[in-house]
Novice: 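Below: one structure in structure tokens.
Computed from a prediction, not measured in an experiment: that's the story for all the values here.
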Amino acid sequence: MSDEATVQASREVVQMTFARRAGTAALVLLATRTISIAGMMLYPLALAYGAVASSDWVVRVMLQFGVACVTVTAMVLILAHAQRSIMAGRRHWLASMPERNIILVIVALAVVSRIVPRLTYDSSFYDTPYDVNSVQILLMRGLSSALAVAAAYVWIWWCNCPPRAERLVAVSAIAWCGFELLFDVLDLVAPTLNVLVSRTGEAGSIQLPGADAYITVHGSAWIWRVSGDYLGSALISWATNVALFAPIAAVIAVALYVALNRDTPQAQ
């Protein structure tokens with residue numbers, strides 16, 4: 001009798017509604033994104049301390065996109081391990097965490113993501129005017145697009161994993177777009193801890209210990225630092241290069257998911 005109760009309890013743990021699937025996906029993605037933001041500090045600091053040459057754009061791509069690739073891979077591994085546990089009837093924290101705690105963790109991670117410093121650097125690190133050729137532009141845009149499609153695909157896959165019987169592919173894609181656009185808007189209007197690394201010291205800047213470089217810290221949102229004369233063009237540029245990015249990546253991810261799972265039977 002006790003064995004039957006144990007089995008029944010285990011089965012109750014692994015019941016995953018769409019809302020829980022989407023919530024846990026948001027939790028994991030937000031956690032890995034926060035870690036990725038912290039990892040993006042590597043390249044500006046490497047420039048400031050002379051560990052890399054500003055002319056070596058290959059190192060820049062490896063450091064910046066390498067961190068993003070690692071975090072997306074971590075997201076895949078976490079969700080894949082959770083799915084294996086769920087299918088095996090084993091208890092897993094993503095399946096057993098109370099929904100209230102999921103919401104609280106998401107809110108906490110959203111706050112932390114605003115506090116984690118976003119390091120950028122200016123042209124003072126380049127001895128000559130920085131010239132980005134078409135190959136570099138295509139490579140960086142291609143990598144960014146591939147990472148976005150991968151994140152969307154993993155989200156859609158996770159939200160449609162068994163033991164759920166229905167497959168809500170389009171709804172999953174819309175949920176991912178909503179998540180991405182929400183944080184894009186937050187980046188636009190919400191205060192964020194921004195740190196500019198430069199070789200030119202300005203009023204209010206702080207010299208980095210042991211480096212011939214300075215940091216300037218400000219917490220205002222990007223939109224509030226744009227001059228009123230350029231606000232319209234800045235918003236158009238944001239909508240074109242940021243806001244449209246998530247829907248396009250979601251459409252590609254949906255197409256890939258449908259093509260790769262066309263013959264997969266629905267869970268009963």
Novice: What residues, two or more places apart in sequence or in another chain, satisfy side chain to side chain contact (heavy atoms under 4.5 Å, CB included) together with V58?
Specialist: D56, M62
Novice: Once side-chain hydrogen bond (donor to acceptor under 3.5 Å, both in side chains) is applied, what residue pairs with a partner in residues 203-215 remain, sequence neighbours excluded?
Specialist: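 Checked against side-chain hydrogen bond (donor to acceptor under 3.5 Å, both in side chains) - neighbours excluded - no pair reaches residues 203-215.
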Novice: Spell out, yes or no, whether M41 and L47 are grouped together once hydrophobic residues are joined by side-chain heavy atoms under 4.5 Å, including indirect joins.
Specialist: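 Yes: a chain of side-chain contacts under 4.5 Å links M41 to L47.
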Novice: Under a 3.5 Å distance rule, please check whether N101 uses its side chain to pair with a backbone N or O of M97 as donor and acceptor.
Specialist: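 No.
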Novice: Tell me whether W176 is reachable from I103 by hopping between hydrophobic residues (I, L, V, M, F, W, Y) whose side-chain heavy atoms are closer than 4.5 Å.
Specialist: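 Different clusters.
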Novice: Are V197 and T120 packed together at the side-chain level, in the sense that at least one heavy-atom pair is separated by less than 4.5 angstrom?
Specialist: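 A side-chain contact is absent here, since even the closest heavy-atom pair is not under 4.5 Å.
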Novice: Would you call S85 and R91 a side-chain contact if the rule is heavy atoms closer than 4.5 Å?
Specialist: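 Side-chain contact under 4.5 Å: no.
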Novice: Looking at CG of L45 and CG of L63, how far apart are the two atoms once the value is rounded to the nearest 0.5 Å?
Specialist: 11.0 Å
Novice: What I'd like to find out is whether the side chain of L196 reaches to under 4.5 Å of the side chain of L119, using heavy atoms alone.
Specialist: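 No - every pair of side-chain heavy atoms lies 4.5 Å or more apart.
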Novice: Quick one: closest heavy-atom pair of A213 and A48, and the distance?
Specialist: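 Nearest pair, atom of A213 first, then A48: CB-CB, 3.8 Å.
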Novice: For the atom pair CZ (F125) and OG1 (T200), what is the distance rounded to the nearest 0.5 Å?
Specialist: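 Result: 8.5 Å between the selected atoms.
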Novice: Could you tell me which non-hydrogen atom of E99 sits nearest to which non-hydrogen atom of R20, and how far apart they are?
Specialist: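 Closest approach of E99 to R20, heavy atoms only: CG-NH2, 3.6 Å.
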Novice: According to side chain to side chain contact (heavy atoms under 4.5 Å, CB included), who are the partners of V116, at least two apart in sequence or on a separate chain?
Specialist: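 Only T34, I37, A38, V112 meet the side chain to side chain contact (heavy atoms under 4.5 Å, CB included) criterion with V116.
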Novice: Does Y49 form a side chain to side chain contact (heavy atoms under 4.5 Å, CB included) with L208? I'd like the steps, not just the answer.
Specialist: CA-CA 9 Å; Y49 285 97; L208 279 172; 3.9 Å; yes
Novice: Sort and list the pairs that fulfil ring pair (Phe, Tyr, Trp, His ring centres under 6.0 Å) and have at least one residue in residues 17-44, not counting sequence neighbours.
Specialist: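 As it turns out, the ring pair (Phe, Tyr, Trp, His ring centres under 6.0 Å) pairs with a partner in residues 17-44, which skip direct neighbours, are Y43-Y121.
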Novice: Supply the members, apart from I236, of the Ile/Leu/Val/Met/Phe/Trp/Tyr cluster built from side-chain contacts under 4.5 Å; use none for a lone residue.
Specialist: none
Novice: Applying side chain to side chain contact (heavy atoms under 4.5 Å, CB included), name anything that partners L193, two or more places apart in sequence or on another chain.
Specialist: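 So L193 forms a side chain to side chain contact (heavy atoms under 4.5 Å, CB included) with P117, V217.
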Novice: Report the C-alpha separation of R118 and M40 in whole Å, then their side-chain angles, then the decisive distance to 0.1 Å, and conclude whether the side chain to side chain contact (heavy atoms under 4.5 Å, CB included) test is met.
Specialist: CA-CA 7 Å; R118 287 165 165 81; M40 291 299 178; over 6 Å; no
Novice: Say whether, by atom type as modelled, one donor and one acceptor occur between the side chain of E180 and the main chain of A175 under 3.5 angstrom.
Specialist: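 No, the answer is negative, given that no donor and acceptor are paired below the 3.5 Å cut-off.
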Novice: For the side chain of S36 and the backbone of T32, is there at least one donor-acceptor N/O pair under 3.5 Å apart?
Specialist: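 Side chain of S36 to backbone of T32, a donor-acceptor pair under 3.5 Å: no, none is there.
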Novice: Just how far is it from atom CD1 of I102 to atom CH2 of W93, taken to the nearest 0.5 Å?
Specialist: 8.5 Å
Novice: My understanding is that only residues two or more places apart in sequence, or in another chain, count here; which of them pass side-chain hydrogen bond (donor to acceptor under 3.5 Å, both in side chains) with D122?
Specialist: S124, S198
Novice: State, with a plain yes or no, whether a side-chain heavy atom of L94 is found less than 4.5 Å away from one of Q83.
Specialist: no
Novice: Pair T216, V195 - check side chain to side chain contact (heavy atoms under 4.5 Å, CB included), show working.
Specialist: CA-CA 6 Å; T216 304; V195 179; over 6 Å; no
Novice: Quick check: closest heavy atoms across A253 and A152, and the distance to 0.1 Å?
Specialist: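 Taking A253 first and A152 second, the nearest heavy atoms are CB-CB, 3.6 Å.
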Novice: Check whether any side-chain heavy atom of H81 sits under 4.5 Å from a side-chain heavy atom of H92, and report yes or no.
Specialist: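 Yes; the side chains approach each other to less than 4.5 Å.
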Novice: Any link between V28 and L104 through a network of hydrophobic side chains (Ile, Leu, Val, Met, Phe, Trp, Tyr) touching at under 4.5 Å?
Specialist: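 In one cluster with V28: L104, no.
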Novice: For residues 141-150, dump all side-chain donor-acceptor pairs below 3.5 Å to protein atoms at least two apart in sequence or in another chain.
Specialist:
residue: S144; atom: OG; partner: M140; partner atom: O; Å: 2.9
residue: S145; atom: OG; partner: R141; partner atom: O; Å: 2.8

Novice: Tell me, please, which residues at least two apart from F179 pass side chain to side chain contact (heavy atoms under 4.5 Å, CB included).
Specialist: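 Result, side chain to side chain contact (heavy atoms under 4.5 Å, CB included) vs F179: A26, L29, L30, R33, W155, F183.
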Novice: Find the distance between OG (S96) and CE (M16) and round it off to the nearest 0.5 Å.
Specialist: 9.5 Å
Novice: If you look only at pairs with a residue in residues 102-114, which of them pass as a side-chain hydrogen bond (donor to acceptor under 3.5 Å, both in side chains), with sequence neighbours excluded?
Specialist: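 Pairs touching residues 102-114 that pass the test: R114-D187, R114-T192.
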Novice: Examine I248 and V169 and state if one hydrophobic cluster contains both, with Ile, Leu, Val, Met, Phe, Trp and Tyr joined whenever side-chain heavy atoms are less than 4.5 Å apart.
Specialist: yes
Novice: Say whether I106 and L182 are linked into one hydrophobic cluster, either directly or through other cluster members, by side-chain heavy-atom distances under 4.5 angstrom.
Specialist: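 In one cluster with I106: L182, yes.
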Novice: Whether the side chain of W158 engages the backbone of L79 through a donor-acceptor N/O pair (distance < 3.5 Å, no angle test) should be reported.
Specialist: no
Novice: With H218, which residues qualify under ring-ring contact (aromatic ring centres under 6.0 Å, His included), at least two apart?
Specialist: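 Once residues adjacent in sequence are excluded, H218 has no partner under the ring-ring contact (aromatic ring centres under 6.0 Å, His included) criterion.
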Novice: One pair to check against side chain to side chain contact (heavy atoms under 4.5 Å, CB included): M75 and V154. What are the steps and the verdict?
Specialist: CA-CA 8 Å; M75 175 186 175; V154 173; 3.8 Å; yes
Novice: My understanding is that only residues two or more places apart in sequence, or in another chain, count here; which of them pass side-chain hydrogen bond (donor to acceptor under 3.5 Å, both in side chains) with N160?
Specialist: S172
